[in-house]
Amino acid sequence: MTLLYLGIRYIGILYSIAKALINMPLVSLTDAGCNILNYTTNGTAAMVTVMLGVIMIARLHAMYQRSRIMLIFLVIIFLAVNIACEILAVIVLKHFVGEELILSGAYMCSVEYEGDAELLFSMVWVLNTAWEVLVLFLSLWIAMKHFRDLRRFGPSTGSTMGDCFRVLIKSHVLYFASFVCVSCLDLSNLSPELANSNSAGAYVFDGALQISFVVQLFVLGPRLILSVREYHAELVADTDRETGINSIVFQEGVHVPTSSTV
């Protein structure tokens, strides 16, 4: 998990630099340079999406008490969805055209997609959304089942596990909300009115989309790992504190003989 966390963080830096160069009007890029940067951003985004999927599978595997059947099911669905998405992405990139435009002395990379790119983008969105909904449903289902068992048998049977499930669900719901937000903005950006518009509103909309996308992948994505680690650190700190208090109480209750009592 540490390697996944560090990988997502550093890939996020690479993605941000590439996006900044694409949208920086003072930097002159050739058509080949625009193509390379756009391939870089698309490739890094796909790589991080796969890494986040691995994190989701690991979380669900733990929530389902390391069930081998659940692990096999998740891996099969995950591979099917990602292989299909990668095939569609390759087809889209074949119809991808990037070129440098000079508008009023400002350099800008223009991206155009030919053929049925919008339809292929929509198919990728449907597949990714289906995966995210499935993962969220499985998380909520096992969490509600666990909380129902806690109410039936009493909180003393697993209060620590209940708190851990709350942390997992909270971070997952927050990530899913950001995914829905980015997906809606991305679909809206496919409309011809926005794609062919040079108005200030269109640029603001595109900026909001890029910021939301970065926050989803490179901020809330790693939080799926950090939230569990923070909870574990707090749990260890509370355990050490209770151990220290019990040790002090034990020492105060022990009578230590001295030479005068011998």
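No experiment lies behind these values; they were computed from the predicted model shown.
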Worksheet, complete the sentence: So CG of L224 and CG of L174: to nearest 0.5 Å the spacing works out to 9.0 Å
Response to the item:
One should read off an interatomic distance between I142 CD1 and L168 CG, to the nearest 0.5 angstrom, of 11.5 Å
Discussion item. Using a 3.5 Å distance criterion without hydrogens, assess whether the side chain of R9 forms a donor-acceptor pair with backbone atoms of F218.
Written reply: yes
Worksheet item: Quick one: do I76 and V54 end up in the same hydrophobic cluster if we chain Ile, Leu, Val, Met, Phe, Trp and Tyr together by side-chain heavy atoms under 4.5 Å apart?
Response: no
Worksheet item: Taking side chain as C-beta onward, heavy atoms only, is L134 less than 4.5 Å from F73?
Response: yes
Fill in: side-chain contact (heavy atoms from CB on, under 4.5 Å) partner of W131, the single match among N128, V135, L127, T129
V135
Worksheet item: For S227 and V167, which heavy atoms make the closest approach, and how far apart are they?
Response: O-CG1, 3.6 Å
Item to complete: Test side chain to side chain contact (heavy atoms under 4.5 Å, CB included) on L71 and Y64 and set out the steps.
Response: CA-CA 9 Å; L71 178 61; Y64 279 83; over 6 Å; no
Worksheet item: If you measure from CG on L140 to NZ on K145, what distance do you get to the nearest 0.5 Å?
Response: 15.0 Å
Discussion item. If we ignore hydrogens and angles and just use 3.5 Å, is the side chain of Y175 paired with the main-chain N or O of L217 as donor and acceptor?
Written reply: no
Worksheet entry | side chain to side chain contact (heavy atoms under 4.5 Å, CB included) assessment of L14 paired with Y10 | CA-CA 6 Å; L14 176 63; Y10 286 112; over 6 Å; no
Practice prompt. Flag yes if more than 12 heavy atoms outside M70 fall under 6.0 Å of its CE atom; otherwise flag no.
Written response: yes
Fill in: Exercise: do R59 and S139 side chains pair donor with acceptor under 3.5 Å
no
Worksheet item: How long is the gap from SG on C181 to CZ on F213, to the nearest 0.5 Å?
Response: 12.5 Å
Worksheet item: Is F137 linked to I169 within one hydrophobic cluster, defined over Ile, Leu, Val, Met, Phe, Trp and Tyr using a side-chain heavy-atom separation of less than 4.5 Å?
Response: yes
Worksheet item: What closest approach, in Å, do L74 and L60 show between heavy atoms, and which atom pair accounts for it?
Response: CD1-CB, 3.6 Å
Worksheet item: Applying the 4.5 Å side-chain criterion to the ILVMFWY set and letting contacts propagate, would L120 and I83 be lumped into a single cluster?
Response: yes
Worksheet item: Which heavy atom of S212 sits nearest a heavy atom of L185, and at what distance?
Response: OG-CD1, 3.9 Å
Response to the item:
Note: E86 and A46 closest approach over all heavy atoms is OE2-CB, 3.8 Å
Worksheet item: Any side-chain heavy-atom pair from M47 and I11 closer than 4.5 angstrom?
Response: yes
Discussion item. Less than 4.5 Å apart, side chain to side chain, heavy atoms only: is that true for I225 and T2?
Written reply: no
Practice prompt. State, yes or no, whether a side-chain contact exists between L4 and L52 at a heavy-atom distance under 4.5 Å.
Written response: no
Worksheet entry | Value rounded to 0.5 Å, distance of SG in C184 from CG in L209 | 11.0 Å
Worksheet item: Going through the checks in order, is the side chain to side chain contact (heavy atoms under 4.5 Å, CB included) test met by H172 and M56?
Response: CA-CA 9 Å; H172 198 142; M56 293 291 188; 3.6 Å; yes
Worksheet item: Can you find a pair of side-chain heavy atoms, one from Q210 and one from V214, that are under 4.5 Å apart?
Response: no
Worksheet item: When rounded to the nearest 0.5 angstrom, what distance separates NZ in K19 from OG1 in T41?
Response: 5.0 Å
Practice prompt. Mind listing the closest non-hydrogen atom pair of Y15 and A45 along with its distance?
Written response: CE1-CB, 4.4 Å
Practice prompt. Let me see the working for F176 and V133 under side chain to side chain contact (heavy atoms under 4.5 Å, CB included), right down to the final yes or no.
Written response: CA-CA 8 Å; F176 182 78; V133 170; 4.0 Å; yes
Worksheet, complete the sentence: Here the pair of heavy atoms bringing G53 nearest to F78 is CA-CE1, 3.5 Å
